[in-house]
Participant: 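I have a structure here, written as structure tokens, and I will follow up with some questions on it.
Atom set for the values below is all heavy atoms of this structure, side chains included, hydrogens, waters and symmetry mates excluded.
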Amino acid sequence: MKKLPIELQTDIVKELPTRDICRLQQTCKAFYYLIEGNSEVWRECLRRQCGADVLWSSFSGFTASELRRACTGTLRFKHRYRRGNHPTPPIPRFLPYNCENGDLERQQSENSNNPYPGMNSTFLVPGGRFLITVEQKWLRVWDLGPPGVLHEPQGVIFYELNCANMDPWIADAVVAGKNTVHLLIQEVHSPTTLPQSVTTIDHSEYDIDDQSRFLLFHRYEIHLREGGQYSVQELCRLCVLRHSPIAAIRATQDGPIVVFGIEGRVLLWGASDSPGKSWVASTTTISEDIIVKGVFCHQGYVFVVYSDGLMKGFDLAGITPHPLGNGLVDLPDRAPDIGNIPPPLLFQPFPESNWASNFMLHEPVAKGGPLYYDIRHSLREMDEDQQHLVSNPYYVRFCFSFHPESPSASSLLPTKKYKATVRPYYSPRLRFELDEGVGGYILFGNRLGNQGNMYISINDNPDSDSPNPTGSIIEDLGYFAEMIARPDPKPIQILNISICPLSGRVVALWGRESREDRFVKIFDLYDCSSTTYNVIHRLTLLATQSPAPLCP
């Protein structure tokens, strides 16, 4: 190969998997220098890893070494957490103070170590460079810098939300293009009067009483183009009228279609920036008493998971939509369906059918091929002293192989039972993919006194396209579990968490009961230089003492 022209050698190397490129680089000096500083090789390698679910502009302006670092992110992730390793817990970064609109003085006097106490939700954009936060009336986008460099987060977008009650949160966020993110923001409007944004609606057309609640959904398009061209645009909004207390709402996006699981009903919204083209359709899933626990789109179908374990699939191609008209949808209890959704396909995951209340879909959701998800089930066992029966959780992993051309040939099989024997009171809350079928879990406590602890663990049993069902329980969750953080000895709850293995970043949103506020910490799990360590140590001191202003 060394006798070939350099251009041809480069073309061959670009086609190799990341691990093979790294191995080839170690064979001799010629290949080392061919590959090490070759941006073309690492850019193509990274492009293959990213796919459609990672924001490509996260790597804008990267040098060859930064591209290489991103390409080898999942490999280093597995190395760091393999059995026997004991990596140093990461030191968190904090968001800088905001100097806009005279807020700085209030922040320093009332919340000296928390510049954003009203933050409701966060989303780390796949790629690991950009963080989206929503707090009260503000949507903010932060640039966290390239992986391995612990820059102070820089605010690149500050956008005032057009919301009714100033308490919005992120319902769903997806990468919609190489430099575009679609963000779905939800808010509950408690007053029985219509929000100002939909006051053009005739009240007499609807039965509005003291029990009425308005759910508002705003869909935004965030552009994070290469070269620092950033912008936000509100595409459309939807107002849903409910006449009963509102349970948790599940939401997902698939292109222009937004799917909601609202109690026992599925609502589909064809979101369009043209009011005349928006549409809705709804169907009662089983009954109003059955709660939707999860919704996701896969291969042209919408799949719904219920609290009793059933799964239904609705064909998106056969929907008869109902024009949205004035922008408000009335969903009274036990009302007829809106529009027409074809009869669903039914799947029964497992003989035990009443424990799908804890449903964890593996992220990111695959567009094709098999899907994997886990369901938590409580197992009654004797405690350590063999004196009392206690409820310990175990988990069942399912593989869903769906064939839209022949749905009857689809299969939904349990592939693994497992439990975290080392720390049974910690539950996996998020599963993320690495490579070669290997993934990891984020775990955190669900009992009083353990709520603030957060762990990470790698699964050493790769998923298979043709799994064999197993009835035995596999001890231990993975081959290492490291505590990322114990942020506060006082009661504290993890509200939201996201991770990007390419960059090695984890972002967590915590809520403190004692102060009734929320705060964000950014963890960089990979090794960093001593210079960047000193920077992050300085940021930690600033965030825990009386800080000087840090303006974005």
Participant: Evaluate the side-chain proximity of Lys178 to Leu55: yes if any heavy-atom separation is below 4.5 Å, no if none is.
Facilitator: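 Side chain of Leu55 against side chain of Lys178, heavy atoms only: no contact under 4.5 Å found.
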Participant: Starting from the C-alpha separation in whole Å, work towards a yes-or-no answer on ring pair (Phe, Tyr, Trp, His ring centres under 6.0 Å) for Trp142 and Tyr116.
Facilitator: CA-CA 13 Å; Trp142 306 87; Tyr116 306 99; 5.8 Å; yes
Participant: Are Phe402 and Tyr301 an aromatic pair, judged by ring center distance below 6.0 Å?
Facilitator: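 Between Phe402 and Tyr301, which both carry aromatic rings, the centre distance is below 6.0 Å.
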Participant: Using side-chain contact (heavy atoms from CB on, under 4.5 Å) as the criterion, point out the one residue from Leu144, Asp143, Thr133 that pairs with Pro153.
Facilitator: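 That would be Leu144.
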Participant: Quick one about Glu234 and His218 (side-chain donor to acceptor, distance below 3.5 Å, no hydrogens or angles considered), yes or no?
Facilitator: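 Checked: His218/Glu234 side chains pair up, N/O donor to acceptor below 3.5 Å.
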Participant: Are the side chains of Leu131 and Leu95 in touch, meaning some heavy atoms are under 4.5 Å apart?
Facilitator: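 They are in side-chain contact.
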Participant: Considering only NZ, NE, NH1 and NH2 on the basic side and carboxylate oxygens on the acidic side, decide whether Arg68 and Glu36 come within less than 4.0 Å.
Facilitator: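 Judged by the 4.0 Å cut-off on N to carboxylate O distance, Arg68 and Glu36 do form a salt bridge.
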Participant: Going by heavy atoms in the side chains, are Trp138 and Ile157 under 4.5 Å from each other?
Facilitator: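 Counting from C-beta outward, Trp138 and Ile157 never come under 4.5 Å.
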Participant: Could you go through Ile497 and Val507, starting from their C-alpha distance and side-chain angles, then the distance that decides it, and tell me whether this counts as side-chain contact (heavy atoms from CB on, under 4.5 Å)?
Facilitator: CA-CA 6 Å; Ile497 192 167; Val507 175; over 6 Å; no
Participant: Tell me whether the centres of the aromatic rings in Tyr220 and Tyr159 are closer together than 6.0 Å.
Facilitator: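 Ring centres of Tyr159 and Tyr220 closer than 6.0 Å.
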Participant: Between Phe130 and Tyr230, is the ring centre distance below 6.0 Å?
Facilitator: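 Distance test on ring centres: under 6.0 Å, yes.
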Participant: Side chains of Gln186 and Trp169: closer than 4.5 Å at any heavy-atom pair?
Facilitator: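 When only atoms from C-beta onward are counted, Trp169 and Gln186 do touch, with a gap below 4.5 Å.
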Participant: So, do Phe296 and Asp254 sit near enough that their side-chain heavy atoms are less than 4.5 Å apart?
Facilitator: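 No, their side chains stay 4.5 Å or more apart.
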Participant: Could you grab the distance from atom CG of Asp172 to atom CD1 of Ile185, nearest 0.5 Å is fine?
Facilitator: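 These two atoms lie 11.5 Å from each other.
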Participant: Could you go through Ile132 and Val125, starting from their C-alpha distance and side-chain angles, then the distance that decides it, and tell me whether this counts as side-chain contact (heavy atoms from CB on, under 4.5 Å)?
Facilitator: CA-CA 7 Å; Ile132 300 174; Val125 179; 3.9 Å; yes
Participant: Decide yes or no on side-chain contact (heavy atoms from CB on, under 4.5 Å) for Gln49 and Cys71, but give the supporting numbers first.
Facilitator: CA-CA 7 Å; Gln49 289 191 49; Cys71 285; 3.8 Å; yes
Participant: Distance-only, no hydrogens or angles: does the Ser401 side chain make a donor-acceptor pair with backbone N or O of Ser410 under 3.5 Å?
Facilitator: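 Not at all, since once roles are kept as given, no pair shorter than 3.5 Å links the two residues.
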Participant: I need the Phe432 CZ to Ile499 CD1 distance, nearest 0.5 Å.
Facilitator: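 So the gap between those two atoms works out to 4.0 Å.
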Participant: Which residue is it: Leu371, Leu412, Leu413? I am looking for the one with a side-chain contact (heavy atoms from CB on, under 4.5 Å) to Phe398.
Facilitator: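 Of the listed residues Leu371, Leu412, Leu413, the side-chain contact (heavy atoms from CB on, under 4.5 Å) partner of Phe398 is Leu412.
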Participant: For Asn496 and Ser121, which I'm curious about, is there any donor-acceptor pair between the side chains at under 3.5 Å?
Facilitator: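 No, no side-chain donor-acceptor pair sits under 3.5 Å.
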Participant: Is there a donor-acceptor pair closer than 3.5 Å between any side-chain N or O of Arg505 and the backbone N or O of Gly128?
Facilitator: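 Yes, because the side chain of Arg505 sits within donor-acceptor range (under 3.5 Å) of the backbone of Gly128.
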Participant: Between Ser58 and Gly127, which heavy-atom pair has the shortest distance, and what is it?
Facilitator: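 The answer is OG-CA, 3.8 Å.
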Participant: How far apart are the closest heavy atoms of Glu66 and Gly61, and which atoms are they?
Facilitator: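 Glu66 and Gly61 have their closest heavy atoms at OE1-O, 4.2 Å.
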Participant: Measure across Tyr372 and Leu361 and return the closest heavy-atom pair with its distance rounded to 0.1 Å.
Facilitator: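 In terms of heavy atoms, the two residues are closest at O-CD1, 3.7 Å.
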Participant: How many angstroms lie between CG in Leu502 and SG in Cys50, if you round to the nearest 0.5 Å?
Facilitator: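 Between Leu502 CG and Cys50 SG, I get 6.0 Å after rounding to 0.5 Å.
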Participant: Please report the interatomic distance CD1(Ile257) to OG1(Thr252), rounded to the nearest 0.5 Å.
Facilitator: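 Here the rounded value is 11.0 Å.
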Participant: Restricting to non-hydrogen atoms, name the atom on His182 and the atom on Leu235 that form the minimum distance, rounded to 0.1 Å.
Facilitator: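 Shortest heavy-atom separation between His182 and Leu235 comes out as NE2-CD1, 4.1 Å.
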Participant: Start with the C-alpha distance between Leu495 and Arg518, add both sets of side-chain angles, then the distance that settles side-chain contact (heavy atoms from CB on, under 4.5 Å), and finish with yes or no.
Facilitator: CA-CA 9 Å; Leu495 305 174; Arg518 299 175 179 183; 3.4 Å; yes
Participant: Should Phe400 and Phe303 be marked as a ring pair (Phe, Tyr, Trp, His ring centres under 6.0 Å) after you check the CA-CA gap, both sets of side-chain angles, and the distance that decides it?
Facilitator: CA-CA 11 Å; Phe400 180 38; Phe303 292 96; 5.1 Å; yes
Participant: Measure across Leu430 and Met360 and return the closest heavy-atom pair with its distance rounded to 0.1 Å.
Facilitator: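 Shortest heavy-atom contact: N-SD, 3.5 Å.
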Participant: Just by distance, with hydrogens left out, do Glu40 and Thr10 show a side-chain donor and acceptor under 3.5 Å apart?
Facilitator: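 Absent: no donor and acceptor within the cut-off.
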Participant: Under 3.5 Å, side chain of Asp20 to main-chain N/O of Leu16, donor-acceptor pair present?
Facilitator: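 Here the side-chain-to-backbone pair does not exist.
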Participant: Are Arg47 and Trp56 in a cation-pi contact, defined as NZ or CZ under 6.0 Å from the six-membered ring centre and within 45° of the axis?
Facilitator: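 Yes, Arg47 sits over the ring of Trp56.
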Participant: Please step through salt bridge (charged side-chain N to carboxylate O under 4.0 Å, His left out) for the pair Lys137 and Glu135, ending with a clear verdict.
Facilitator: CA-CA 6 Å; Lys137 64 178 181 178; Glu135 41 102 11; over 6 Å; no
Participant: Answer yes or no for Arg140 and Phe158: cation-pi contact, defined as NZ/CZ to six-membered ring centre under 6.0 Å and angle to ring axis within 45°.
Facilitator: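 No cation-pi geometry.
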Participant: Should Gln229 and His223 be marked as a side-chain hydrogen bond (donor to acceptor under 3.5 Å, both in side chains) after you check the CA-CA gap, both sets of side-chain angles, and the distance that decides it?
Facilitator: CA-CA 8 Å; Gln229 301 178 28; His223 294 285; over 6 Å; no
Participant: What is the distance from atom CZ of Arg19 to atom CG of Leu24, rounded to the nearest 0.5 Å?
Facilitator: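 Here the rounded value is 14.5 Å.
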Participant: Any side-chain heavy atom of Val520 sitting closer than 4.5 Å to one from Met119?
Facilitator: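 Counting from C-beta outward, Val520 and Met119 do come under 4.5 Å.
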Participant: Could you check whether His362 and Asp374, counting side-chain N and O atoms only, form a donor-acceptor pair closer than 3.5 Å?
Facilitator: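 The criterion, which ignores hydrogens and geometry beyond distance, is satisfied for His362 and Asp374.
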Participant: With a 4.5 Å heavy-atom cut-off, do Ile249 and Phe217 have their side chains touching?
Facilitator: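 A side-chain contact exists here, since the closest heavy-atom pair is under 4.5 Å.
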Participant: Are Trp269 and Val259 packed together at the side-chain level, in the sense that at least one heavy-atom pair is separated by less than 4.5 angstrom?
Facilitator: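 A side-chain contact is absent here, since even the closest heavy-atom pair is not under 4.5 Å.
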Participant: Taking only Lys NZ, Arg NE, NH1 and NH2, and the carboxylate oxygens of Asp or Glu, determine whether Glu433 and Arg431 approach each other closer than 4.0 Å.
Facilitator: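 Yes, charged N to carboxylate O under 4.0 Å.
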Participant: If you compare all heavy atoms of Pro256 against all heavy atoms of Arg219, which two are closest, and at what distance to 0.1 Å?
Facilitator: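 It is CA-NH1, 4.0 Å.
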Participant: Could you measure the distance from the OG atom of Ser231 to the CD1 atom of Ile222? Nearest 0.5 Å is fine.
Facilitator: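 So the gap between those two atoms works out to 9.0 Å.
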